K.L.:
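Can you keep this structure in mind? I'll have questions shortly.
Bear in mind that the values here come from a model prediction, so they are computed numbers and not experimental data.
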Amino acid sequence: MGNEVNSKVTQGGNRRVEKVPLYLLLGGILAIGFLLGYLASAFFPLVRPSLSTAPSASTAPAARLSPSEIDASLKAAHASLDAGDLQGAWDKYHQVLMTDPHHVEALTHLGTILMRGNQLDEAIRLYDRALGFDANYAHALFDKGQALKEKGDAKGAAEAWKRFLALVPADSDDAKKVKGWLAELGRSGAAAKKDGGAVEK
C-alpha cells in the first residue's frame with residue numbers, strides 16, 4: 001500500500017521488514033505535538049495587556065473602521081466591560097484606537113480597565129492623554145480623580161473633581177457622588193491637620 005512506511009525489526013539475528021501504516025505514524029506525531037503544546041501553555045499563561053500595547057498614530061494600520069463600525073465596536077466594548085470581560089473590552093477599545101488614536105472615550109475606558117487592575121499610574125497617564133485631546137472630557141476627570149484618591153493624592157483628586165463639577169449639571173447623580181467624595185476628602189484633611197497639631201503640642 002502507498003500509505004505504509006517500512007521499518008526494520010531484528011529478531012534472533014534475522015532482520016525482517018515490517019510495514020507500519022502511515023496514519024499510525026502521523027497520529028503519534030500529532031499526539032506528541034498536542035502534549036507539548038499543552039505543557040507549554042501551562043508555563044506561559046496569557047498576560048493582560050499593558051499600557052505599551054496602546055496604539056499610536058504611527059502604528060495605525062491602513063485599514064480604518066467606518067464611523068458606524070467605531071460605534072458598534074464601542075458598544076461591544078462597553079458591554080464586555082459591564083460583563084466583567086476585561087480582556088475582550090480591552091481588545092475592542094484598542095481596535096477603536098487603531099483607527100482613531102485621539103478617541104478620548106476609548107482612551108478613558110482603557111484607563112478604567114487598568115485602574116480595575118490596580119495599575120493606577122498607567123491609568124492616570126491614559127486619562128491625561130485623553131484630557132490632552134479634550135480638556136473638558138468629564139468622564140476622564142471623574143475617573144482620574146478616583147485613581148488619584150486611590151493613590152493617596154487627595155489634592156490632585158480634589159482638583160480633578162472640581163474641574164468635573166464645572167462641566168456637569170449640579171443635580172446629576174455623578175455630581176452628587178463627587179460632592180460627597182470632596183466632602184469626605186475635606187473631613188479627612190481636617191482630621192489629619194488636627195492630629196498633626198496635637199502631636200506638635
K.L.:
Whether the side chain of Y127 engages the backbone of L107 through a donor-acceptor N/O pair (distance < 3.5 Å, no angle test) should be reported.
P.N.:
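Not a single qualifying donor-acceptor pair exists.
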
K.L.:
Report yes if the side chains of L120 and N118 come closer than 4.5 Å at any heavy-atom pair, otherwise no.
P.N.:
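L120 reaches N118 side chain to side chain.
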
K.L.:
Roughly how far apart are T108 OG1 and L131 CG, rounded to 0.5 Å?
P.N.:
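Here the interatomic distance stands at 7.0 Å.
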
K.L.:
Starting at CD of Q146, measure out to CG of L141 and round the result to the nearest 0.5 Å.
P.N.:
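Here the interatomic distance stands at 12.0 Å.
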
K.L.:
Return yes if some donor-acceptor pair links the side-chain N/O of K177 with the main-chain N/O of S172 below 3.5 Å, else return no.
P.N.:
no

K.L.:
So which heavy atom on A130 is nearest to which on V104, and how close?
P.N.:
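Closest approach of A130 to V104: O-CG1, 3.3 Å.
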
K.L.:
Determine the minimum heavy-atom distance between L97 and H103, stating which atoms define it.
P.N.:
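That closest heavy-atom pairing would be CD2-O, 3.7 Å.
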
K.L.:
Treating Ile, Leu, Val, Met, Phe, Trp and Tyr as nodes and any side-chain heavy-atom pair under 4.5 angstrom as an edge, say whether Y137 and I70 lie in one connected cluster.
P.N.:
yes

K.L.:
Does I113 belong to the same Ile/Leu/Val/Met/Phe/Trp/Tyr cluster as L148, with side-chain heavy atoms less than 4.5 Å apart forming each link?
P.N.:
no

K.L.:
Run the side chain to side chain contact (heavy atoms under 4.5 Å, CB included) test against S68 and tell me which residues pass, sequence neighbours left out.
P.N.:
S66

K.L.:
Side-chain donor-acceptor contacts of residues 73-81 below 3.5 Å, not counting sequence neighbours, with atom names and distances?
P.N.:
residue, atom, partner, partner atom, Å
S73, OG, K92, O, 3.3
S73, OG, Q95, OE1, 3.4
H78, ND1, Y93, OH, 2.5
H78, NE2, E105, OE2, 2.7
S80, OG, A76, O, 3.1
S80, OG, K92, NZ, 3.4

K.L.:
With sequence neighbours excluded, what pairs up with H139 under the ring pair (Phe, Tyr, Trp, His ring centres under 6.0 Å) test?
P.N.:
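Listed in chain order: H109.
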
K.L.:
As an exercise, state the distance from CZ of R129 to CG of L110, rounded to the nearest 0.5 Å.
P.N.:
9.0 Å

K.L.:
Could you tell me which non-hydrogen atom of A123 sits nearest to which non-hydrogen atom of G111, and how far apart they are?
P.N.:
CB-O, 3.3 Å

K.L.:
For K151, check side-chain hydrogen bond (donor to acceptor under 3.5 Å, both in side chains) against everything at least two apart and list the hits.
P.N.:
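Applying side-chain hydrogen bond (donor to acceptor under 3.5 Å, both in side chains) to K151 gives D121.
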
K.L.:
What donor-acceptor contacts under 3.5 angstrom involve side-chain atoms of residues 153-169, with partners at least two apart or in another chain?
P.N.:
residue, atom, partner, partner atom, Å
D153, OD1, G156, N, 2.8
W161, NE1, F142, O, 3.2
R163, NH2, A135, O, 3.1

K.L.:
Not counting sequence neighbours, list each pair that qualifies as a salt bridge (charged side-chain N to carboxylate O under 4.0 Å, His left out) and has a residue in residues 136-150.
P.N.:
D128-K144, K149-E184

K.L.:
Report the distance from atom CG of D91 to atom NE2 of H94, rounding to the nearest 0.5 Å.
P.N.:
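Separation between the atoms: 8.5 Å.
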
